[in-house]
Amino acid sequence: MSVAEKVLDQYSSRVYKNRKTHIVEINNNENENQIAANVRTIPGIMTQRGCCYAGCKGVVLGPIKDALQIVHGPIGCSYYAWGTRRHKGKNAEGVDNYLQYSFSTDMQEPDVVFGGEKKLKKAIDEAMELFHPSTIMICSTCPVGLIGDDIHAVAKWAEEKHNIKCIAFSCEGYKGVSQSAGHHIANNQLMKFIIGEGDRKIESKFSVNILGEYNIGGDGWETERILKRIGYEVVSVFTGDSSIEDLKNAHQANLSLVQCHRSINYIAEMIETKYGVPWMKVNFIGVKGTIETLRNIAKYFDNEELTKRTEEVIADELEKIIDDIEYYKTKLKGKTAALYVGGSRSHHYQTLLHDFGVSTVLAGYEFAHRDEYEGREILPFVKEDADSKNIESISVEPDPEKYHLYLQKEVLEKLRDEKLLSYYGGMAKEMEAGTYMVDDLNHFETEEFLKLLKPDIFFSGIKDKFVAQKSGILSRQLHSYDYSGPYSGFRGAVNFARDITMGIYTPAWSFIKAPWKTAPILTGTLGGEQAC
Ligand code: SF4
């Protein structure tokens, strides 16, 4: 029996039938690595997934520092999302920063019975009086959709009354099947109401947006630092440490760099259609990943000076970290890892682990779609089900005034053919035959796979970290970075290696078994013979 069969064997026939389509043993034949993804979770199975509200407010909107975000609902949704995702943001002159706050309408029973619109309006009035924000975002939670509060009408009312921008997001937690629906809803509204409105002067023709970078532990800052050293102008970052003004100007860049494909591919595609800005899948996680990414970006801009500068910066950055890399390689080479993260890191971090000689035995996603596993080429074959059809899909047209192309159409076509633009190859192609790819891994499967595959490190989140560690396997969080970071770029690679080396070699692992369980606490003799 294979490892997957041993895990599946313990399910009832109905659950077995469902879960076996979400567990794939990687095969040398690419076409056989098909996986079921972005479908409903089996009730009661202890999934790690979150909800649509978490994907919209928690992931995409949360890091926008100067938009005051009011969570319309009972207090739980707001409280549990308060400060728990480490999207960092610096104070900047003239830009409000609300990242440390959590705003809620704190709905009570009468609001559910009689409707919560009045309370929401009151909350907006109060926020205006206390904070004077220029932008307010309203995020729905589960009851809001069920009782029929019209948050979009309230947003319109607020815009007229207070002369501000107010955007409503109908991201009730039950929509879709995971955080993924929330990403889509946030993308749609940002596209409709924010992107394209700015007219900031862009200084450099080497101008880029960084999409799907949420500045966890300072990742976005490290990425920006490298890009700026080379000479790029970063127009906007979606949405780590971002301001509304930055986002408004995204249409003016000459290239969009997509780090997290899952959460932001809708915006990447729409900016290209409407404003002519192509997108490139990048990976700033890992030394090799970063170098390859920097060279790809230089290839797109095709400028001799820029290409030269790219190589100079790569060489200089490498020189500064090479001793550390070599040292940590001696500590980590030959170890194995299992990764289970949201919708992009399980792929990106395999590149980084590879830099240090760590191989992957299992990787999975909570809420990725099939294209993150198998590559965008399978998109035409993905069947929509009732859950995804419920999420609005908007289409845009080329903007008659703001549409611009940095490269000629033929050159763009060539780069697309080379898969340098508008393409993401997914995770499966880079995994070794015989390893496992698992979608929506639940707690039972986590424990079983860890027992059977025995990885040295399990990378996941807070909910399963201590389950793994109680069984003697180091677990590092790849959502919060265990409150460390940054892990992106050159310096981030060293931080990452330092953290997992400390974890693996921590002396505590050798104290797990009480001494009296491995050796007698008393020894003595009786009548000249060893008694115990
Ligand atoms: S599922 Fe509903 S109640 Fe739970 S956090 Fe999401 S929006 Fe809030």
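All values reported here derive from a predicted model rather than from experimental measurement. In listed order, ligands and their atoms are each counted from 1. Note that these values count all heavy atoms, side chains included, but never hydrogens, waters or copies made by symmetry.
Sorted by chain and number, the heavy-atom contacts of ligand 1 below 4.0 Å come from Cys51, Tyr53, Cys77, Thr141, Cys142, Gly173.
For the 3.5 Å distance criterion, the side chains of Asn283 and Thr293 fail to qualify, holding no donor opposite an acceptor. Looking at Ser344 and Tyr365, their side chains never bring a donor and an acceptor atom within 3.5 Å of each other. Using modelled atom types and a 3.5 Å distance limit, the side chains of Tyr481 and Asp219 yield a donor-acceptor pair.
A distance of 6.0 Å or more separates the ring centres of His261 and Tyr423.
For the ring-ring contact (aromatic ring centres under 6.0 Å, His included) criterion with Tyr349, the lone passing option out of Tyr340, Phe459, Phe496 is Phe496.
A salt bridge is absent between Arg345 and Glu366; no separation between the charged side-chain nitrogens and carboxylate oxygens falls under 4.0 Å.
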